[in-house]
Novice: 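Just passing along the structure, written as structure tokens.
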Amino acid sequence: MDVRAQLSMVFHLDKCLGCHTCSVACKNVWTDRRGAEYMWWNNVETKPGTGFPTQWEDQDAYRGGWERTGDSLQLRSTGRARVVANIFHHPHLPTIDDYYEPWTYEYERLFTAPQQDDQPTARPISLITGKPMVPEAGPNWDDDLGGSPVYAEHDPNLAALTEIERRELFAIERLVFFYLPRTCNHCLNPACVAACPSGAIYKRGEDGIVLIDQSRCRGWRSCVAACPYKKSFYNWASGKSEKCILCFPRIESGQAPACFHACPGRVRYLGVLLYDADRIRPAASANAGSLVDAQRSMLLDPFDPAVIAEAARCGIAPSTLDAARRSPVDRFVRQWKLALPLHPEFRTVPMLFYVPPLSPSVAHDGEARVSVKYLTSLFGGGDEAPVRYALRKEAAVRASRRAATVGDVDRATVDRLLSDAECSDAEADAIYRMTTLATAGDRFVVPPTFREQAVEMLHEGGR
Ligand code: SF4
Ligand code: SF4
Ligand code: SF4
């Protein structure tokens, strides 16, 4: 067993307001720069929808992530034979039209226009060419258009549904949508790291944050092509690639990342997960249909004496172990099995997990409003069981709270739902508290060790 610690994340989708405060917080702190205008290291998509860049989930078009051939895993974007050719031209890279052409407005005209009969206007101006333009797309262009035939019906996840199921999903009386906030997943098997010909991308040993060394990046864009989540971006002004850095300067001073701190929905949780590095490869190359279970099986119990002893042998600091025991992510992912990885079939072993949306349900019997097949395409890697399990548990917790506060669900129904979800009263209460009452200190548990190690490395002059 090779015990490692990863700073991991959970986003609770039933709580997301779609307010984009997270995206704006990140933009203001990190990408309000020339060449980075079109980048949204954090973005929030409406689902069903096409997302940003458009249809990023369609790997037949973008060829991101890994594919399993026999016993080996290969990057879909490149192979030994294609690596040099792809350096100079990559046919599957997103174009600026797949993102959007960033623009501002001619605000100056509002102040400097000469006196005239009509009000002056502020025309949109391209931030790339500096010329007037007509905006035709944006990072959240399909915001709230969950039933739109232009956007929602082109969601790649709908391929998993039959024609009848699709029609049902878009029937006006059944229309439903939800928000999907996305950042880099700081994956355990990151395609971006493997694809970089310059060796400029690395995963920090102490906390698993994936970073691009700007001094080594040569702008080949292999990471942009290889990342199936399209969370590595090319800065056309600096000629280097950039991505979410999990706000590591804030982490190193014990603070939550900017987008986490800013989130008014309190959707986001941050904490340590312990895992067995020897199991990364089996988890990444598991059979389709057992990817979620394989990823879960590599997570280690920070309360288990054998794991504690092994963690000490592997150099995990006691403060990191303590943080793992208090980690809200460990609870949501490993203990409660409520949070699931996004598109595990991309085989990058993402370390950002989502509690799937139960959405406002019509009855208190646990039926999810969003099609389970659709949610399985997002979070199940082809296996409905973990998605159904999470939804059953969410429904049971909701019913038990309704019974306690509104009184319109009888105890027999609550007991049946809790039993179906393998959930005790105590666990339902703990889930309710973490979901609704948790303070910032409960939601963000950053071990102090990460700061100490960062300072040490700074003194050593290494990275
Ligand atoms: Fe790399 Fe993409 Fe995974 Fe982030 S999400 S670590 S950019 S492969
Ligand atoms: Fe941006 Fe920091 Fe959030 Fe990453 S963690 S998306 S860098 S604000
Ligand atoms: Fe708003 Fe938080 Fe949802 Fe971002 S994750 S859109 S900040 S509620």
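Just follow the structure's listing: the first ligand is 1, and inside any ligand the first atom is 1. Just so we're clear, the structure is a prediction, and the values are computed from it rather than from any experiment.
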Novice: If you have a sec, work out which protein heavy atom is nearest atom 4 (Fe) of ligand 1 and how many Å separate them, to one decimal?
Specialist: C184 SG, 2.3 Å

Novice: Between R182 and E57, does at least one N-O distance fall below 4.0 Å, as a salt bridge requires?
Specialist: no

Novice: Go through V446 and R250 one step at a time and tell me if the side-chain contact (heavy atoms from CB on, under 4.5 Å) criterion holds.
Specialist: CA-CA 10 Å; V446 183; R250 289 178 61 90; over 6 Å; no

Novice: Go through the steps to decide whether F11 and F260 satisfy the test ring-ring contact (aromatic ring centres under 6.0 Å, His included), and finish with yes or no.
Specialist: CA-CA 10 Å; F11 292 175; F260 285 65; 5.8 Å; yes

Novice: In the protein, what heavy atom is nearest to atom 8 (S) of ligand 3, and what distance, to one decimal place, separates them?
Specialist: L17 N, 3.3 Å

Novice: Do F332 and Y269 have ring centroids that are under 6.0 Å from one another?
Specialist: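 Yes - the distance between ring centres of Y269 and F332 falls below the 6.0 Å cut-off.
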
Novice: Show which atoms of ligand 1 fall inside a sub-4.0 Å distance from at least one heavy-atom site of Y229.
Specialist: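 Here the atoms of ligand 1 in question are 5 (S).
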
Novice: Need the ligand 3 atom indices (1-based, order shown) with element for anything under 4.0 Å from a heavy-atom of T21.
Specialist: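 Those atoms are 7 (S).
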
Novice: Does R268 have a non-hydrogen atom less than 4.0 Å from ligand 3?
Specialist: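 Checking ligand 3 against R268, which is what was asked, there is a heavy-atom contact under 4.0 Å.
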
Novice: Nearest heavy atom to atom 1 (Fe) of ligand 3: which of C263, C16, P264, C19 does it belong to?
Specialist: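 It is C19 whose heavy atom sits nearest to atom 1 (Fe) of ligand 3.
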
Novice: Under 4.0 Å from any heavy atom of V267, which atoms of ligand 3 are there?
Specialist: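 Checking each atom against V267, I get 2 (Fe), 8 (S).
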
Novice: What protein atoms of element N, O or S are positioned under 2.8 Å from atom 3 (Fe) of ligand 2?
Specialist: C259 SG

Novice: So is I245 in contact with ligand 2, going by heavy-atom distances below 4.0 Å?
Specialist: yes

Novice: Check this for me: does any side-chain nitrogen of one of D14 and R398 sit under 4.0 Å from a carboxylate oxygen of the other?
Specialist: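 A salt bridge links D14 with R398.
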
Novice: Answer whether the closest heavy-atom distance between the side chains of E384 and L391 falls below 4.5 Å.
Specialist: no

Novice: Would you tell me which option among H20, R182, R266, H12 has the nearest heavy-atom contact to atom 6 (S) of ligand 3?
Specialist: H20

Novice: Could you check whether K337 pairs with D293 (Lys NZ or Arg NE/NH1/NH2 to Asp/Glu carboxylate O, under 4.0 Å)?
Specialist: no

Novice: Any idea which protein heavy atom is nearest atom 2 (Fe) of ligand 1, and the distance to it?
Specialist: C227 SG, 2.3 Å

Novice: Short check: any N/O/S atom of C192 below 2.8 Å from atom 1 (Fe) of ligand 1?
Specialist: yes

Novice: Which residue and atom name correspond to the protein heavy atom nearest atom 3 (Fe) of ligand 1, and how close is it?
Specialist: C187 SG, 2.3 Å

Novice: Let's go through L340 and F353 carefully: what are the C-alpha distance in whole Å and the side-chain angles of both, what is the deciding distance for side-chain contact (heavy atoms from CB on, under 4.5 Å) to 0.1 Å, and is it a yes or a no?
Specialist: CA-CA 5 Å; L340 305 165; F353 301 85; 5.8 Å; no

Novice: Can you confirm if the NZ or CZ of K27 lies within 45° of the ring axis of W40 and under 6.0 Å from the centre of its six-membered ring?
Specialist: yes

Novice: I need the minimum non-hydrogen distance between A428 and V397, along with the two atoms involved.
Specialist: O-CG1, 3.8 Å

Novice: Does the separation of the ring centres of F52 and Y99 fall below 6.0 angstrom?
Specialist: yes

Novice: List the steps and the verdict of side-chain contact (heavy atoms from CB on, under 4.5 Å) for T348 and W66.
Specialist: CA-CA 7 Å; T348 62; W66 300 88; 3.9 Å; yes

Novice: Please report which non-hydrogen protein atom sits nearest to atom 5 (S) of ligand 1, along with the residue it belongs to and the distance in Å to one decimal place.
Specialist: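 Looking only at protein heavy atoms, the one closest to atom 5 (S) of ligand 1 is N185 N, 3.4 Å.
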
Novice: Near A191, which atoms of ligand 1 are under 4.0 Å from a heavy atom of that residue?
Specialist: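 Those qualifying, in numeric order: 8 (S).
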
Novice: Using a 4.0 Å cutoff against the non-hydrogen atoms of K243, which atoms of ligand 1 qualify?
Specialist: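 That gives atoms 4 (Fe), 7 (S) of ligand 1.
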
Novice: What is the minimum heavy-atom distance between H186 and K203, and which atoms define it?
Specialist: O-NZ, 3.1 Å

